[in-house]
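Quick notes on the structure that follows.
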Amino acid sequence: RNPASLGLQARVRPLPILIATGSGYMGYDQYGRYKDRELESKGIEVPPRIANEAQVALYKTIPTRLLSRAWGRLNQVDLPTWLRKPIYSLYIWTFGVNMKEAAVEDLHQYRNLGEFFRRKLKPQARPVCDSHCVISPADGKILHFGRVKNCEVEQVKGVTYSLETFLGPHTWAESIALNRNEDDPTNFQDILVTKEGNALFHCVVYLAPGDYHCFHSPTDWRVAHRRHFPGSLMSVNPGVARWIKELFCHNERVVLSGEWAHGFFSLTAVGATNVGSIRIYFDKELRTNLPRYSKGSFNDFSYVSNNNQEGISMRKGEHLGEFNLG
Amino acid sequence: STIVLLFEAPKDFTFNLKAGQKIRYGEPLGTM
């Protein structure tokens with residue numbers, strides 16, 4: 001019974017306790033999900049299981065921004081030519097990428113995975129719909145859509161986040177020079193709706209790892225203001241979006257706001273763990289996923305200046321920006 | 001990653017979408 005073996009025993013003892021509690025918790029959680037599925041199969045609507053504050057705080061302790069930047073650095077390393085095809089083919093097979101639509105189909109042309117991730121499409125691969133005023137800005141999956149009610153936006157059915165937390169205080173109006181309806185607005189949502197008979201709508205598009213990761217202008221509009229919220233880079237896949245309320249308010253994001261034919265219009269690009277950086281082609285100042293930021297902060301930038309009262313005019317379908325690895 | 005569109009439009013604007021469906025850049029989201 002020498003001290004070394006006592007020390008080892010002391011270290012080893014917590015391990016089985018941790019494993020037992022962890023697996024006990026997992027078992028309890030899985031049983032609950034099984035019960036939910038049972039109820040749903042009987043047609044009973046079950047509210048989504050939302051993470052509690054402790055679980056969200058635990059998740060946020062994971063250094064997702066550091067991991068994201070490390071992932072980005074790794075994917076900037078140029079691969080030897082002979083290794084490119086096997087690596088990219090594995091990525092293509094894993095995430096179901098359709099290389100026939102890519103502007104450059106030859107895998108050897110992509111020096112690293114970061115460049116492969118930023119691949120462009122053949123112009124004719126995505127015809128822009130002429131007969132509708134709003135189009136999808138990107139390839140992806142529709143997570144949720146509909147009218148905004150009571151200043152709450154649904155990230156997925158039944159899980160909401162606050163409109164005001166997501167967009168930040170309404171101080172950009174000066175740069176959009178929105179002529180708001182006269183009567184005094186009662187809440188944040190009313191402030192955004194500038195014309196009688198209008199309502200506020202939202203649509204959430206989730207881009208999976210294998211999707212084309214550039215995004216385009218969803219309509220003819222003029223972009224007057226950019227607000228960059230540094231933040232976490234938690235995963236935004238549909239499973240996590242169903243589990244963490246206010247997920248899009250925790251994550252790093254870039255809010256572009258302006259005006260279209262019917263009044264207020266905004267597009268927000270929300271980063272995620274493996275896709276931490278957001279680029280807006282006409283905004284050379286924007287830097288995202290930087291090592292240091294103060295929690296809850298945001299920085300504003302107006303595209304309306306003395307010699308450009310209009311802001312940035314964007315045509316429907318025009319290249320607007322892209323997500324980058326890391 | 002995710003893109004969130006928030007915009008005002010006449011009340012009769014309707015989305016022609018289904019939650020969970022795949023969509024591609026350039027396809028219509030809705031009609032007035």
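As the structure is a computational prediction, the values presented were derived from the model and not from experiment.
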Study note, to complete from the structure: Heaviest contributor of heavy-atom pairs below 4.5 Å to chain B, chosen from A:Ser131, A:Gly140, A:Pro209, A:Pro137, is A:Gly140

Practice item. Tell me, yes or no, whether the heavy-atom count around A:Asn150 atom CG, taken from other residues, nucleotides or ligands under 6.0 Å, exceeds 12. Key: no

Revision key, fill the gap. Across all chains, not counting sequence neighbours, the side-chain hydrogen bond (donor to acceptor under 3.5 Å, both in side chains) partners of A:Glu101 are A:Arg126, B:Arg24

**Study point:** Interface residue of largest heavy-atom contact number with chain B, from A:Val205, A:Leu167, A:Thr219, under 4.5 Å
**Key:** A:Val205

Review point. Between B:Leu6, B:Leu17, B:Thr14, which shows the greatest number of heavy-atom pairs under 4.5 Å with chain A?
Key: B:Leu6

Review point. Does B:Glu27 use its side chain to pair, donor to acceptor, with the backbone of A:Ser136 at less than 3.5 Å?
Key: no

Exercise for review: Go through the atoms of A:Ile278 and report whether side chain, backbone, both or neither lie under 4.5 Å from a heavy atom of chain B.
Suggested key: neither

Revision key, fill the gap. Here the pair of heavy atoms bringing B:Gly26 nearest to A:Ile135 is O-CG2, 3.5 Å

**Study point:** Close side-chain approach of A:Val134 and B:Phe13, heavy atoms under 4.5 Å
**Key:** yes

Review point. Which one, A:Ala269, A:Gly271, A:Cys133, A:Gly146, leads in non-hydrogen pairs under 4.5 Å with chain B?
Key: A:Gly146

Revision key, fill the gap. Under 4.5 Å to a heavy atom of chain B? For A:Leu233 that would be neither

Study note, to complete from the structure: Ranked by heavy-atom pairs below 4.5 Å to chain B, first place among A:Tyr206, A:Phe201, A:Phe166 goes to A:Phe201

Point to revise | Shortest non-hydrogen separation from B:Pro10 to A:His262 and the atoms involved | key: CD-ND1, 3.6 Å

Review point. About how many Å separate NZ of B:Lys18 and CD1 of A:Ile142, when rounded to the nearest 0.5 Å?
Key: 11.5 Å

Practice item. Please state whether the side chain, the backbone, both or neither of A:Leu267 comes within less than 4.5 Å of a heavy atom of chain B. Key: both

Review point. From A:Asp139 CG over to B:Ile3 CD1, what is the distance, rounded to the nearest 0.5 angstrom?
Key: 10.0 Å

Revision key, fill the gap. Taken to the nearest 0.5 Å, the spacing of A:His202 NE2 from B:Phe15 CZ works out to 7.0 Å

Exercise for review: State which residues pass side-chain hydrogen bond (donor to acceptor under 3.5 Å, both in side chains) with A:Lys149; sequence neighbours excluded, sorted by chain then number.
Suggested key: none

Point to revise | Heavy-atom contact with chain B under 4.5 Å, split by part of A:Ala261 | key: neither

Point to revise | Sorted by number, residues from residues 237-255 of chain A in contact with chain B (heavy atoms, under 4.5 Å) | key: A:Phe248

Practice item. Anything in residues 315-326 of chain A with a heavy-atom distance to chain B below 4.5 Å? Please list those residues in order. Key: A:Gly317, A:Phe323

Practice item. For chain B, find which of A:Thr268, A:Val128, A:Asn274 contributes the most heavy-atom pairs closer than 4.5 angstrom. Key: A:Thr268

Practice item. Mind listing the closest non-hydrogen atom pair of B:Lys11 and A:Ala199 along with its distance? Key: CG-CB, 3.9 Å

Study note, to complete from the structure: From the list A:Asp211, A:Leu200, A:Val275, the residue making the most non-hydrogen contacts under 4.5 Å with chain B is A:Leu200

Revision key, fill the gap. Separation between CG (B:Leu5) and CG (A:Leu256), nearest 0.5 Å, reads 10.5 Å

Practice item. Fit a plane to each ring of A:Trp260 and B:Phe7, take the angle between them on a 0 to 90° scale, and name the class: parallel (under 30°), tilted (30 to 60°) or perpendicular (over 60°). Key: perpendicular

Check your understanding: With only heavy atoms counted, which part of A:Val156 is less than 4.5 Å from chain B, the side chain, the backbone, both or neither?
Key -> neither

Review point. Closest heavy-atom contact between B:Ser1 and A:Ala272?
Key: N-CB, 3.9 Å

Point to revise | Toward chain A, the part of B:Asn16 with a non-hydrogen atom under 4.5 Å | key: side chain

